[in-house]
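Take a look at the structure below.
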Amino acid sequence: MVGSALRRGSHAYVYLVSKAGHISRGHQHQAWHSRPAAVECVAQRAPGSVVELLGKSYPQDDHSNLTQKVLARVGRNLHNQQHHPLWLIKERVKDHFYKQYVGRSGTPLFSVHDNLSPVVTTWQNFDSLLIPAEHPSRKKGDNYYLNRTHMLRAHTSAHQWDLLHAGLDAFLVVGDVYRRDQIDSQHYPVFHQLEAVRLFSKHELFAGIEDGESLQLFEQSSRSTHKQETHTMEAMKLVEFDLKQTLTRLMTHLFGDGLEIRWVDCYFPFTHPSFEMEINFRGEWLEVLGCGVMEQRLVNSAGAQDRIGWAFGLGLERLAMILYDIHDIRLFWSEDERFLKQFRVANINQKVKFQPLSKYPALINDISFWLPSETYTENDFYDLVRTIGGDLVEKVDLIDKFEHPKTHKTSHCYRITYRHMERTLSQKEVRHIHQAVQEAAVQLLGVEGRF
């Protein structure tokens, strides 16, 4: 992993400090708003060191794998920046819920929490959601860990248990989430989610139902594909119906009347039954969110044993890219006025017709190397490329794998596409960056270059 590789020796640190520093000063764009990446890596990964984040200190250990490029995004909170496209989506959803769901006192039924710290414990991110200890979603290769006990949240669901335990039974959570992933126009290590939870008491769920007084929320039976072992079929069907009606109204609010919707059965550790919602948009079926009936064990552990509920989560970037026809996820981090000014509208429900920016030519370079004998994951390489190339890197494709018939060593060949969003890159600029990627891969990941 990158975390362990970065501790291989001081010679690697010295190398990358000078190399990355040269690139940052001479060629690299300033979108990350940070010092050269390697300088930060040295500071945060020295033996016994700590990382300072949002006013708190976190000791580093053998599980730490954060890069400064990612840490520099913490606190940007694009979803709270007025007139940003992600803010627009959030405000439209919030406005819809405020108007459609009103409590007895006339105040909004759903509370909104959009400024919770992205630093959570591994218990919050996984255990509270019933994610098994050996579940692949916990892998170090897929998450950003400050240390073995703290991480940057991988989903806004990390706050479900705490808010339920505080006594809330209807809420929205919005925030930035962090995952190590591939590099392309649809994926970025930081993105934004909106989560919603609603619980029902027996009275609330069965109100208005004929003979509702005789119906029960819970029973002891067996789990099936349709329901949990503790839920009655009547309660589960009503919760599922309310969930799907809620989401259908929300998507109609966002995309307009006449929207064709379908539901696909799926699996999440914290809901059952679980569904993905797909919409037919411009003739193409697109998955827009995941949802389901909350696992009763989760609800019970948070102290709401007398209630049953649903939850859903959606990606703000995903919705914005569909609604506004934005083709490159990097644009959401752009400070280019040509992009931002298009979303400065007087009314949040005003229709926005996004005009694509001029697309500058791409420069493509390949890199191939023999993998080290120790554990290697593709996300290690993607993180390294992001650290050095930043947002100049449009995508990275693994285009070839080869196993040597005699040595049984494995070779990977990656194609890196470089493209600046605001100007034309020169071959000289890209050559410097690409060379730094090659040398850093050897020094920090222990690969054997074929270049």
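As the structure is a prediction and not an experimental result, all values here were calculated from the model.
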Should D176 and R153 be marked as a salt bridge (Lys or Arg N to Asp or Glu O under 4.0 Å) after you check the CA-CA gap, both sets of side-chain angles, and the distance that decides it?
-> CA-CA 8 Å; D176 43 342; R153 62 188 168 209; 2.7 Å; yes
H192 and V177: side-chain contact (heavy atoms from CB on, under 4.5 Å), yes or no, with the steps?
-> CA-CA 6 Å; H192 299 75; V177 299; over 6 Å; no
Could you tell me whether [X] and [Y] make a salt bridge, using a distance below 4.0 angstrom between a side-chain N and a carboxylate O?
X	Y	result
D336	R338	yes
E403	K409	no
E295	R223	yes
D325	K353	no
R138	D127	yes
R148	D62	yes

Just so I know, are the side chains of [X] and [Y] near enough to count as touching, which here means a heavy-atom distance under 4.5 Å?
X	Y	result
D400	H412	no
I183	R386	yes
V396	Y382	yes
Q245	L243	no
N115	V174	no
L130	R297	yes
P108	Y101	no
V173	L194	no

Solution key, residues 263-273 side-chain donor-acceptor pairs under 3.5 Å, sequence neighbours excluded:
from: T271; atom 1: OG1; to: S274; atom 2: OG; distance (Å): 2.6
from: H272; atom 1: NE2; to: S224; atom 2: O; distance (Å): 2.7

How far apart are the closest heavy atoms of [X] and [Y], and which atoms are they?
X	Y	result
H63	N147	CB-C, 4.0 Å
V447	A441	CG2-O, 3.4 Å
F275	G292	CD1-CA, 4.4 Å
A440	I388	CB-CD1, 3.5 Å
N65	N143	ND2-O, 2.9 Å
T232	K227	C-CD, 4.3 Å

Pairing residues for D142 by the salt bridge (Lys or Arg N to Asp or Glu O under 4.0 Å) criterion, not counting sequence neighbours =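 If we apply the salt bridge (Lys or Arg N to Asp or Glu O under 4.0 Å) test to D142, skipping adjacent residues, the hits are K139.
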Sorted by chain and residue number, the salt bridge (Lys or Arg N to Asp or Glu O under 4.0 Å) partners of E337 (sequence neighbours excluded) come out as R344
Give every residue pair that meets the salt bridge (charged side-chain N to carboxylate O under 4.0 Å, His left out) criterion with at least one member in residues 182-206, sequence neighbours excluded.
->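 Passing the test, one end in residues 182-206: E204-R307.
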Pairs in or reaching into residues 233-249: which pass salt bridge (charged side-chain N to carboxylate O under 4.0 Å, His left out), with residues at least two apart or in two chains?
-> E240-K244
Flag for [Y]-[X]: side-chain donor and acceptor within less than 3.5 Å:
X	Y	result
R73	Y188	yes
D162	Q124	yes
D380	T377	yes

State whether the number of non-hydrogen atoms from other residues, nucleotides or ligands found under 6.0 Å of F241 atom CZ is greater than 12.
->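 Incorrect, the count does not exceed 12.
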What do the steps show when you test T417 against E394 for side-chain hydrogen bond (donor to acceptor under 3.5 Å, both in side chains), and what is the final call?
-> CA-CA 6 Å; T417 301; E394 181 176 82; 5.2 Å; no
Could you give the distance from [atom1] ([X]) to [atom2] ([Y]), rounded to the nearest 0.5 Å?
X	Y	atom1	atom2	value
I416	L392	CD1	CG	11.5 Å
F381	E378	CZ	CD	10.0 Å
H327	Q186	NE2	CD	9.5 Å
M321	L331	CE	CG	8.0 Å
T121	F126	OG1	CZ	10.0 Å
T230	I308	OG1	CD1	7.5 Å

Show me, pair by pair, the donor-acceptor contacts under 3.5 angstrom made by side chains of residues 277-286, not counting sequence neighbours?
from: E278; atom 1: OE1; to: R262; atom 2: NE; distance (Å): 2.6
from: E278; atom 1: OE1; to: R262; atom 2: NH2; distance (Å): 2.9
from: N280; atom 1: OD1; to: G283; atom 2: N; distance (Å): 3.4
from: N280; atom 1: OD1; to: E284; atom 2: N; distance (Å): 3.3
from: N280; atom 1: ND2; to: E260; atom 2: OE1; distance (Å): 3.3

Strictly under 6.0 Å, is that where the ring centroids of [X] and [Y] end up?
X	Y	answer
F171	F110	no
F369	Y414	yes
F339	F354	yes

Decide side-chain contact (heavy atoms from CB on, under 4.5 Å) for I329 and H187; before the verdict, give the C-alpha distance in whole Å, the side-chain angles of both, and the deciding distance to 0.1 Å.
-> CA-CA 7 Å; I329 198 169; H187 294 87; 5.9 Å; no
Yes or no on salt bridge (Lys or Arg N to Asp or Glu O under 4.0 Å) for R179 and D181, after CA distance, side-chain angles and deciding distance?
-> CA-CA 6 Å; R179 295 182 195 170; D181 212 333; over 6 Å; no
How would you list all residue pairs meeting side chain to side chain donor-acceptor pair (under 3.5 Å) that involve residues 205-216, not counting sequence neighbours?
-> none
Side-chain donor-acceptor pairs of residues 250-257 under 3.5 Å, sequence neighbours excluded:
from: T252; atom 1: OG1; to: T248; atom 2: O; distance (Å): 2.8
from: H253; atom 1: NE2; to: R92; atom 2: O; distance (Å): 3.4

Kindly write out the residues that satisfy ring pair (Phe, Tyr, Trp, His ring centres under 6.0 Å) with [X], not counting sequence neighbours, or none if the list is empty.
X	value
Y144	none
H83	W87
Y324	F343

Pairs where residues 148-168 contributes a residue and the test ring pair (Phe, Tyr, Trp, His ring centres under 6.0 Å) is met, not counting sequence neighbours =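 Residue pairs with at least one partner in residues 148-168: Y58-H150, W123-W161, W161-H165.
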Which is it for H203 and S201 under the side-chain hydrogen bond (donor to acceptor under 3.5 Å, both in side chains) test, yes or no, and what are the steps along the way?
-> CA-CA 5 Å; H203 172 75; S201 66; over 6 Å; no
